[in-house]
Amino acid sequence: MKIGFVLYHRALITGISLSAEMLTSAASLRDRKSQKAHPFEIKVIAPSLISPKLTAGIRIQPDITFDNDDTFDVIILPPMWGNPLASLTKHPEIPHWLIKQYQNGAKIIATGTGVVWLAETGLLNDQTATTHWYFYQKFSQLYPKVKLNKQASITSANGLYCTESINSQTEMVLYFITNNFGQKIAKTIETHYGHEISKSDHQPFYEIGGQVQFDESIALAQDWIRLNMSKSITAKSIAEHCQLPLRTFNRKFKDQVGLAPHQYLQKMRMTTAKELLRDFGMTINDVSEQVGYKDTYHFSTIFKKEFDVTPNQYRKMVRAKAYNA
C-alpha cells in the first residue's frame with residue numbers, strides 16, 4: 001500500500017504529520033505475514049525536491065516530484081493557511097497530476113482549503129463536497145458546479161473524500177485504517193491518538209460511503225442527540241422531535257449515517273465521555289451521568305468494550321502522555 005502526501009505553498013503541517021503517524025503506526029501493528037505480503041510506504045510529493053514554504057517555518061523534505069511516474073493507492077491533500085488561491089497559481093501542475101493518479105485508481109482525501117485542488121481538476125463537478133467553513137462563500141463562487149454541503153464534516157463521492165478540518169481528516173483516516181487494517185488495530189490507534197484531537201468543532205452530520213445526499217431532518221436529529229445525551233433517549237423520542245414516523249426515521253437515519261439511531265447515540269456518548277475524561281476534572285460517576293448512564297458500572301463496561309481500556313485507565317494514560325510531552 002502506497003500513501004502520498006502532497007506538499008505545496010503554505011500547507012499546514014498538521015494535515016500531514018498526524019495522519020502519517022497514525023497510518024504508519026497502524027501498518028506496523030499488522031502481523032509479520034501481512035506486512036511482508038502488503039508492504040506499506042509513505043512518500044511526500046512536491047513540485048521540486050526543495051521543500052515549499054510551509055507553516056511555522058518548518059520544512060519537510062520531499063521524496064519525489066510530480067514528474068515521477070509513481071502511482072499511489074491513497075493521496076492526501078492537506079489544508080492551507082490563509083487564502084489558498086495563491087498556491088493554485090504557484091503549482092498549476094498539481095491538478096493534472098491528481099487527474100492522472102485518480103484515473104490510475106487512487107483514492108484522494110482533501111482537507112479544508114485543500115479541497116480546491118480537487119475542485120480545480122473538475123472531478124468534483126456535480127458531486128457533493130465540503131470545505132472549511134470560512135471558505136464556503138468563495139468556494140461556491142469559484143466552483144458553482146460542485147454541490148457544496150455546508151452541514152457535512154466529511155463527504156464521499158466515487159473515491160474522492162472531502163473533510164472540513166484536521167479533526168474530520170483524523171476521523172477519515174481512522175475510517176480508512178478500519179477498512180484496511182481491521183477494527184482491532186483501528187481501536188488501538190484511536191486510543192493512542194484520539195485524545196490529541198479536540199472534537200469541539202465537529203459538525204453534527206457525518207457522512208462516509210457513497211454519494212449520500214444531506215438530509216436536514218437527520219442532521220437535526222444528530223444535533224438534538226448531542227444536546228440531550230445526558231437524558232433518556234429513544235429512537236421514538238428522536239423521531240417525534242424530527243416530526244417523522246418511527247419507521248421512516250429509522251430507515252433515513254441508517255441510510256444517511258450508516259448506523260442505527262441507538263448505535264449512533266452510544267458512539268456519541270462514548271466519544272463525549274473520552275473528551276470529558278481527557279479535558280475535565282470530573283469524577284467517573286459525573287462523566288457517566290453527563291453522557292446518559294445512571295449506572296457507573298454499566299457505563300464503564302461499555303467504555304471498556306468500545307476502547308479496550310476502562311475510563312480510569314484511559315484518564316491515567318492521557319494524563320501521563322500529557323505530562324511526558
Side-chain angles (χ1 to χ4, degrees), residues 1-8 11-52 54 59-80 87 91 93-112 114-115 117-118 120-121 123-124 154-163 166 168-186 188-190 192-193 208-209:
M1 181 177 297
K2 197 180 224 181
I3 310 290
F5 286 89
V6 183
L7 275 187
Y8 31 73
L12 287 176
I13 293 173
T14 48
I16 301 172
S17 58
L18 181 58
S19 292
E21 287 179 347
M22 292 171 64
L23 289 163
T24 302
S25 296
S28 70
L29 291 174
R30 299 175 298 166
D31 59 60
R32 291 184 179 180
K33 183 178 179 181
S34 296
Q35 292 186 44
K36 187 174 181 180
H38 305 286
F40 179 83
E41 182 180 11
I42 285 181
K43 285 194 174 183
V44 177
I45 312 102
S48 76
L49 293 180
I50 300 173
S51 174
L54 306 178
R59 295 189 178 276
I60 297 177
Q61 178 61 49
D63 297 300
I64 59 173
T65 69
F66 297 112
D67 294 327
N68 193 280
D69 292 331
D70 283 27
T71 57
F72 294 86
D73 298 297
V74 178
I75 294 168
I76 297 179
L77 301 164
M80 290 163 276
S87 291
H91 309 303
E93 69 275 33
I94 292 180
H96 302 289
W97 182 83
L98 289 172
I99 291 172
K100 183 178 177 181
Q101 290 290 328
Y102 183 69
Q103 290 173 342
N104 286 328
K107 291 179 170 56
I108 304 176
I109 301 171
T111 298
V115 175
W117 296 110
L118 279 181
E120 282 289 312
T121 66
L123 295 172
L124 285 179
I154 297 176
T155 60
S156 170
N158 300 320
L160 303 174
Y161 300 92
C162 301
T163 68
I166 297 295
S168 304
Q169 178 182 309
T170 303
E171 298 243 6
M172 183 66 229
V173 170
L174 280 172
Y175 172 82
F176 175 84
I177 290 171
T178 302
N179 281 1
N180 289 273
F181 302 134
Q183 185 67 42
K184 184 176 180 180
I185 288 178
T188 301
I189 296 301
E190 184 174 16
H192 286 278
Y193 288 94
I208 278 292

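In what follows, residues are counted from 1 in the order of the sequence shown.
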Is there a donor-acceptor pair closer than 3.5 Å between any side-chain N or O of S25 and the backbone N or O of M22?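 Looks like no, no N/O pair under 3.5 Å.
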Determine yes or no for a side-chain-to-main-chain donor-acceptor pair under 3.5 angstrom, with Q169 supplying the side chain and G15 the backbone.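 Answer holds: yes.
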Could you pull out all residues at least two apart from [X] that satisfy side-chain hydrogen bond (donor to acceptor under 3.5 Å, both in side chains)?
{"X": "K2", "value": "D70"}
{"X": "S48", "value": "none"}
{"X": "T163", "value": "T111"}

Of the non-hydrogen atoms in [X] and [Y], which two are nearest, and what is the gap between them?
{"X": "Y161", "Y": "S156", "answer": "CE2-OG, 3.2 Å"}
{"X": "I75", "Y": "A106", "answer": "CD1-CB, 4.1 Å"}
{"X": "E120", "Y": "P95", "answer": "CB-CG, 3.9 Å"}
{"X": "M1", "Y": "D73", "answer": "CA-OD2, 3.3 Å"}
{"X": "A11", "Y": "P78", "answer": "CB-CG, 4.1 Å"}
{"X": "L98", "Y": "I108", "answer": "O-CD1, 4.0 Å"}

With a 4.5 Å cut-off on side-chain heavy atoms, are [Y] and [X] touching?
{"X": "I3", "Y": "F176", "result": "yes"}
{"X": "F72", "Y": "I45", "result": "yes"}
{"X": "L23", "Y": "V74", "result": "no"}
{"X": "R30", "Y": "Q35", "result": "yes"}
{"X": "Y8", "Y": "L77", "result": "yes"}
{"X": "N68", "Y": "D63", "result": "no"}

Nearest-0.5 Å distance, OG1 of residue T170 to CD1 of residue I177: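 Here the rounded value is 9.5 Å.
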Can you measure from CD1 (I76) to CE (M172) and round to the nearest 0.5 angstrom?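 Rounded to the nearest 0.5 Å, the CD1-CE separation comes to 9.0 Å.
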Check side chain to side chain contact (heavy atoms under 4.5 Å, CB included) between [X] and all other residues, then give those that pass, not counting sequence neighbours.
{"X": "T24", "result": "F40, I42"}
{"X": "T71", "result": "Q101, N104"}
{"X": "L29", "result": "I185, T188, I189"}
{"X": "D31", "result": "K33, S34"}

Should the heavy atoms of other residues, nucleotides or ligands under 6.0 Å from CD1 of I50 be counted, would the total exceed 12?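 Not buried by this count: 12 neighbours or fewer within 6.0 Å.
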A quick test of your reading: do over 12 heavy atoms of other residues, nucleotides or ligands sit less than 6.0 Å from NZ of K43?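 More than 12 within 6.0 Å, yes.
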Test side chain to side chain contact (heavy atoms under 4.5 Å, CB included) applied to W117 and V6, L124, L123, I94, the passing residue: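 Result for side chain to side chain contact (heavy atoms under 4.5 Å, CB included) with W117: I94.
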My understanding is that only residues two or more places apart in sequence, or in another chain, count here; which of them pass ring-ring contact (aromatic ring centres under 6.0 Å, His included) with F66?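 Only W97 meet the ring-ring contact (aromatic ring centres under 6.0 Å, His included) criterion with F66.
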Among all residues two or more places apart in sequence or in another chain, which pass the ring-ring contact (aromatic ring centres under 6.0 Å, His included) test with F5?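 Checked F5 against ring-ring contact (aromatic ring centres under 6.0 Å, His included); zero matches.
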Run the salt bridge (Lys or Arg N to Asp or Glu O under 4.0 Å) test against E93 and tell me which residues pass, sequence neighbours left out.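 Listed in chain order: nothing, the list is empty.
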